[in-house]
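Okay, so here's the structure we're looking at.
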Amino acid sequence: EEHMKRSGKLLSTFVLASMVAVASPAFAADSVTIKIQTSDRAGDETFRIQKEEWAPKLEAMTNGRLKIELFSDSQVVPRKETIPAITAGVLGGHITSMEYHSGLEPGFALLGNLVAGYNSPDQEQMFYFDGPGVALAQEGYDLVFGKGKIHVIGAGPYNREAFVAKVPIRGVADMEGKKLRAPEGLVAEVFRRAGASTVTTPVSEVYTALEKGVIDGADNSSYYNNRANGMNRIAPYPIWPGIHSQAVHSFVVSQKTWDSLTPDLQAALEVWWEWMYTKKRHVTDMNDRELVALDKSGKGEKVEIVDWSLEERLKLRKIAEGAWLDFSKKSPFAEKVYNAHIEFMTKLALL
């Protein structure tokens, strides 16, 4: 009986101490806020999801001990300058496309966007969530920016981009002679090999370039975003599902920030990232499919949605495979990334 009384007192003391610890203002004082710049534009639905729905979830998951302040594309620094800003302490981290580092290391072109490679974001997320992708991304950041500077929490794509087109492009042959907007790197290289001429128009200038006839089509964004931004009204032959681009975003923080977090907060950040990017994938896919169905029914916008046949998609894949191989020869790291993709895709019977 005495033992039970002592146990009861100890339990009461423990519960009370726990309650005091949770209620203690010290938790608020010790809370960490990480400033993260994304490569989503301020008006994009995907940015809203992250800022309004998912940033609060992290705060709730950690009882207010860990917060994220999200900034849209180039809001704090230009999109290609996030890493210097992170190492300087201006930003705590970024969620942005690894393609932007391609000029510094060719391996990032293959990590950031294996053009015409995986058939869906879900397949490529496996490479990053369950395969060697994150470890390779960490190796790339260490190689380019210096070991111990950047910690990669996760990486993965969330959508297969639709394609904006002013004229019908129904297959590889129709790309011949067309002027197409594409980011520098693998996307532009694949388009050129298919016979197109490419320009690296900034995203903010794509609409005007289409309107004025400077370009015939553009690698741009999801069907939902393109439609919301008025692209399909001036370029009424969108290609969907997309044929090419599936940009991979990396979620990184400074190593200093990562090391300052307790193990439970580190785990919370990893889980938060995977759930958020799965949610982004689902929402983007659902939004695209709903609008495509509406437009196909004749009750939406007057567009002709072009869906390439499997035969034409495989033709572009063959062209892309040649570009992947050539990029793999540009550096030892690029070769390592290429081999990892090929091994993973072969294991999943995607090649």
Side-chain angles (χ1 to χ4, degrees), residues 32 34-39 58 66 68 79-89 91-114 117-118 121 123-158 185-186 246-278 280 324 327-328 330-345 347:
V32 177
I34 308 175
K35 292 183 176 182
I36 301 288
Q37 183 169 295
T38 76
S39 53
L58 181 63
L66 185 58
I68 274 189
R79 56 169 56 174
K80 289 187 178 181
E81 294 175 20
T82 51
I83 296 296
I86 292 167
T87 54
L91 287 172
H94 76 204
I95 298 175
T96 192
S97 175
M98 285 192 284
E99 276 185 294
Y100 301 153
H101 313 313
S102 300
L104 301 171
E105 163 54 58
F108 275 120
L110 294 163
L111 272 179
N113 198 339
L114 195 73
Y118 295 88
Q123 289 174 351
E124 195 164 13
Q125 274 193 354
M126 292 178 200
F127 179 76
Y128 288 94
F129 283 19
D130 307 299
V134 170
L136 283 167
Q138 184 67 65
E139 190 175 333
Y141 277 100
D142 288 348
L143 183 68
V144 175
F145 301 106
K147 203 159 188 177
K149 300 278 183 67
I150 299 295
H151 179 82
V152 181
I153 294 169
Y158 71 89
L186 211 45
Q246 208 161 262
V248 173
H249 291 180
S250 61
F251 179 26
V252 313
V253 293
S254 71
Q255 189 65 48
K256 187 178 176 183
T257 297
W258 181 254
D259 291 341
S260 75
L261 301 177
T262 53
D264 60 321
L265 293 184
Q266 290 176 347
L269 212 46
E270 289 169 337
V271 171
W272 176 81
W273 153 262
E274 289 207 6
W275 273 102
M276 183 183 73
Y277 252 60
T278 300
K280 275 183 78 170
W324 306 343
F327 260 73
S328 77
K330 290 176 181 279
S331 76
F333 180 63
E335 184 178 17
K336 188 172 184 177
V337 173
Y338 171 80
N339 288 335
H341 273 304
I342 297 299
E343 184 184 338
F344 194 79
M345 294 169 86
K347 190 163 67 175

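Model, not experiment: these values are computed from the prediction.
For T278, the side-chain contact (heavy atoms from CB on, under 4.5 Å) test picks out Q125, F129, R281, H282, with sequence neighbours left out. In terms of the side-chain hydrogen bond (donor to acceptor under 3.5 Å, both in side chains) criterion, residue partners of Y100 (sequence neighbours excluded) are, by chain and number, R79. For Y338, the ring pair (Phe, Tyr, Trp, His ring centres under 6.0 Å) test picks out no residue, with sequence neighbours left out. For D259, the side-chain contact (heavy atoms from CB on, under 4.5 Å) partners two or more places apart in sequence, or in a different chain, are Q255. Qualifying side-chain contact (heavy atoms from CB on, under 4.5 Å) partners for A334, counting only residues two or more places apart in sequence or in other chains: E105, P106, L110, S331. Residues that satisfy the side-chain contact (heavy atoms from CB on, under 4.5 Å) test with P132, not counting sequence neighbours, are F127, L136, A340, F344. In terms of the salt bridge (charged side-chain N to carboxylate O under 4.0 Å, His left out) criterion, D142 has no residue partners (sequence neighbours excluded). Take Y158 and apply the side-chain hydrogen bond (donor to acceptor under 3.5 Å, both in side chains) test, not counting sequence neighbours, and it matches D40. E335 is linked by a salt bridge (charged side-chain N to carboxylate O under 4.0 Å, His left out) to nothing, counting only residues two or more places apart in sequence or in another chain. Not counting sequence neighbours, Q37 has no partner by the side-chain hydrogen bond (donor to acceptor under 3.5 Å, both in side chains) test. Shown here are the side-chain hydrogen bond (donor to acceptor under 3.5 Å, both in side chains) partners of H101, two or more places apart in sequence or in another chain: Y141. Taking K336 as the reference, E139 meet the salt bridge (charged side-chain N to carboxylate O under 4.0 Å, His left out) condition, with sequence neighbours excluded.
Among all heavy-atom pairs drawn from T82 and H94, the shortest one is OG1-ND1, 2.8 Å. Contact detail for P157 and Y277: the closest heavy-atom pair is O-CD2, 4.1 Å. Nearest heavy atom pair, residue E124 against residue V248, reads OE2-CG2, 3.5 Å. Heavy atoms only, all atoms of each residue included: A247 and S97 are closest at CB-OG, 4.1 Å.
Annotation: E270, atom CD; neighbour count of heavy atoms from other residues, nucleotides and ligands within 6.0 Å is above 12.
Between atom CD1 of residue I342 and atom NZ of residue K347 there is a gap of 13.5 Å, rounded to the nearest 0.5 Å. Within the model, atoms CG of L269 and CD1 of I153 stand 4.0 Å from one another, a figure rounded to the nearest 0.5 Å. One distance of note links CD1 of I150 with OG1 of T87; it measures 6.5 Å at 0.5 Å rounding. Interatomic distance, L91 CG to T257 OG1, rounded to the nearest 0.5 Å: 10.5 Å. Note that CD of E99 is 9.5 Å distant from OG of S39, once rounded to the nearest 0.5 Å. Interatomic distance, F108 CZ to L186 CG, rounded to the nearest 0.5 Å: 14.5 Å.
In this structure, F251 and I36 have side chains that are in contact, with non-hydrogen atoms separated by less than 4.5 Å. Residues H151 and Q138 have side chains in contact (heavy-atom distance under 4.5 Å, counting atoms from C-beta outward).
No side-chain donor-acceptor contact under 3.5 Å links Q246 to the backbone of L114.
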Carefully, step by step, assess M276 and I95 under the rule side-chain contact (heavy atoms from CB on, under 4.5 Å). CA-CA 12 Å; M276 183 183 73; I95 298 175; 3.9 Å; yes
Do I34 and L66 pass the side-chain contact (heavy atoms from CB on, under 4.5 Å) test, and can you show the C-alpha distance, the side-chain angles, and the key distance before you say yes or no? CA-CA 8 Å; I34 308 175; L66 185 58; 3.9 Å; yes
